[in-house]
Amino acid sequence: MRWARKAMVTAGAVALAVGGGIATGDTAWAGSNGQQINYHKSRDNHTLSVKVTGTNQNGVRVTKCFDTPGSGNYLAGWWWKGDVEFGRYGGWGCTGSHVDGFGLTVPASHPSDWYDVWD
C-alpha cells in the first residue's frame with residue numbers, strides 16, 4: 001500500500017511538471033520576452049483592421065491580422081518584440097484599401113502586460 005501511494009505522488013509530480021511546461025512553453029511572460037499590443041486609433045476611423053508583422057516571443061517572424069473596431073484595441077494572444085510593422089486597412093479582416101502603414105520597435109522587456117501603440 002505504501003509503494004502505491006508513493007507511485008501516485010511521483011506520477012502526480014511528473015504530470016504537474018510536464019503539464020506546466022506545456023502550458024507555458026510558447027507563452028511569453030508579461031513584460032519579459034515580448035509584448036502584447038494595445039493598438040490605439042488616434043488619427044481617424046477609416047481603419048477597420050490592422051496587419052501586424054514582426055518577431056514573436058519565439059524569435060519567428062509572423063504576420064497576423066486584427067480587426068480594430070474601437071479607438072483602443074487589445075491585440076491579445078500575440079507577443080511581439082523588435083521591429084514591428086503595422087499596415088492599416090479600410091475593411092475588416094485586412095481587406096479593402098490599404099490606408100497606410102508604419103513601423104516601430106517593441107521592447108523585449110516592458111513593465112506592463114501591454115505595450116501601447118498609437119497610429
Side-chain angles (χ1 to χ4, degrees):
M1 193 62 124
R2 185 176 186 153
W3 66 268
R5 185 175 9 178
K6 185 175 181 180
M8 287 179 12
V9 169
T10 302
V14 169
L16 181 60
V18 171
I22 291 171
T24 60
D26 289 330
T27 303
W29 289 99
S32 66
N33 189 28
Q35 313 305 317
Q36 293 184 92
I37 292 174
N38 183 9
Y39 176 77
H40 301 273
K41 294 192 301 188
S42 58
R43 294 194 299 186
D44 59 45
N45 286 324
H46 298 295
T47 302
L48 296 178
S49 58
V50 63
K51 185 182 290 185
V52 184
T53 301
T55 304
N56 69 9
Q57 75 276 9
N58 297 319
V60 177
R61 188 158 176 85
V62 294
T63 299
K64 170 70 174 152
C65 177
F66 298 92
D67 286 339
T68 55
S71 59
N73 302 275
Y74 289 95
L75 311 183
W78 290 74
W79 300 80
W80 308 91
K81 63 182 178 179
D83 294 332
V84 178
E85 302 158 12
F86 296 81
R88 298 175 27 184
Y89 289 83
W92 302 113
C94 297
T95 62
S97 62
H98 179 252
V99 177
D100 63 10
F102 64 96
L104 53 84
T105 301
V106 176
S109 294
H110 185 65
S112 171
D113 291 347
W114 296 94
Y115 189 74
D116 290 305
V117 172
W118 287 266
D119 67 1

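We count residues from 1, following the sequence as given. Quick note: numbers below take in every heavy atom, side chains included, and nothing from hydrogens, waters or symmetry partners.
- Closest of all the heavy-atom pairs between C65 and S49 is SG-CB, 4.2 Å.
- Put simply, CG on L75 and OH on Y115 are 13.5 Å apart, with the number rounded to the nearest 0.5 Å.
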### Task
Decide yes or no on side-chain contact (heavy atoms from CB on, under 4.5 Å) for F102 and V117, but give the supporting numbers first.
CA-CA 11 Å; F102 64 96; V117 172; 3.8 Å; yes
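- Checked by atom type and distance alone, the side chain of Q36 pairs as donor or acceptor with a backbone atom of G77 at under 3.5 Å.
- The closest donor-acceptor contact from the side chain of D67 to the backbone of W92 lies at 3.5 Å or more, if one exists at all.
- Note: D113 CG to Y74 OH = 10.0 Å, rounded to the nearest 0.5 Å.
- Contact check for T68 versus Y39: side-chain heavy atoms found under the 4.5 Å cut-off.
- Rounded to the nearest 0.5 Å, atoms NE2 (H46) and CZ (R88) are 8.5 Å apart.
- Note: the hydrophobic cluster containing Y89 does not contain F86 (ILVMFWY, side chain heavy atoms under 4.5 Å, direct or indirect links).
- A donor-acceptor contact shorter than 3.5 Å links the side chain of Q35 to the backbone of A108.
- Taking CH2 of W118 as the reference point, atom CG of N38 lies at 7.5 Å (rounded to 0.5 Å).
- Judged by distance alone, the side chain of S112 and the main-chain N or O of W114 form a donor-acceptor pair under 3.5 Å.
- Of all heavy-atom pairs between R61 and D83, the closest is NH1-O, 4.4 Å.
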### Task
Take D119 and K41, measure what salt bridge (Lys or Arg N to Asp or Glu O under 4.0 Å) needs, and give me the verdict at the end.
CA-CA 6 Å; D119 67 1; K41 294 192 301 188; over 6 Å; no
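- Heavy atoms only, all atoms of each residue included: G34 and W79 are closest at O-CE3, 3.5 Å.
- Taking NZ from K81 and NE2 from H110, the interatomic distance works out to 15.5 Å, rounded to the nearest 0.5 Å.
- Here the shortest heavy-atom pairing between S71 and N73 reads C-ND2, 4.0 Å.
- Interatomic distance, N56 CG to N33 CG, rounded to the nearest 0.5 Å: 9.0 Å.
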### Query
Checking side-chain contact (heavy atoms from CB on, under 4.5 Å) for the pair V62/W78: CA distance, chi angles, key distance, verdict?
CA-CA 10 Å; V62 294; W78 290 74; 4.1 Å; yes
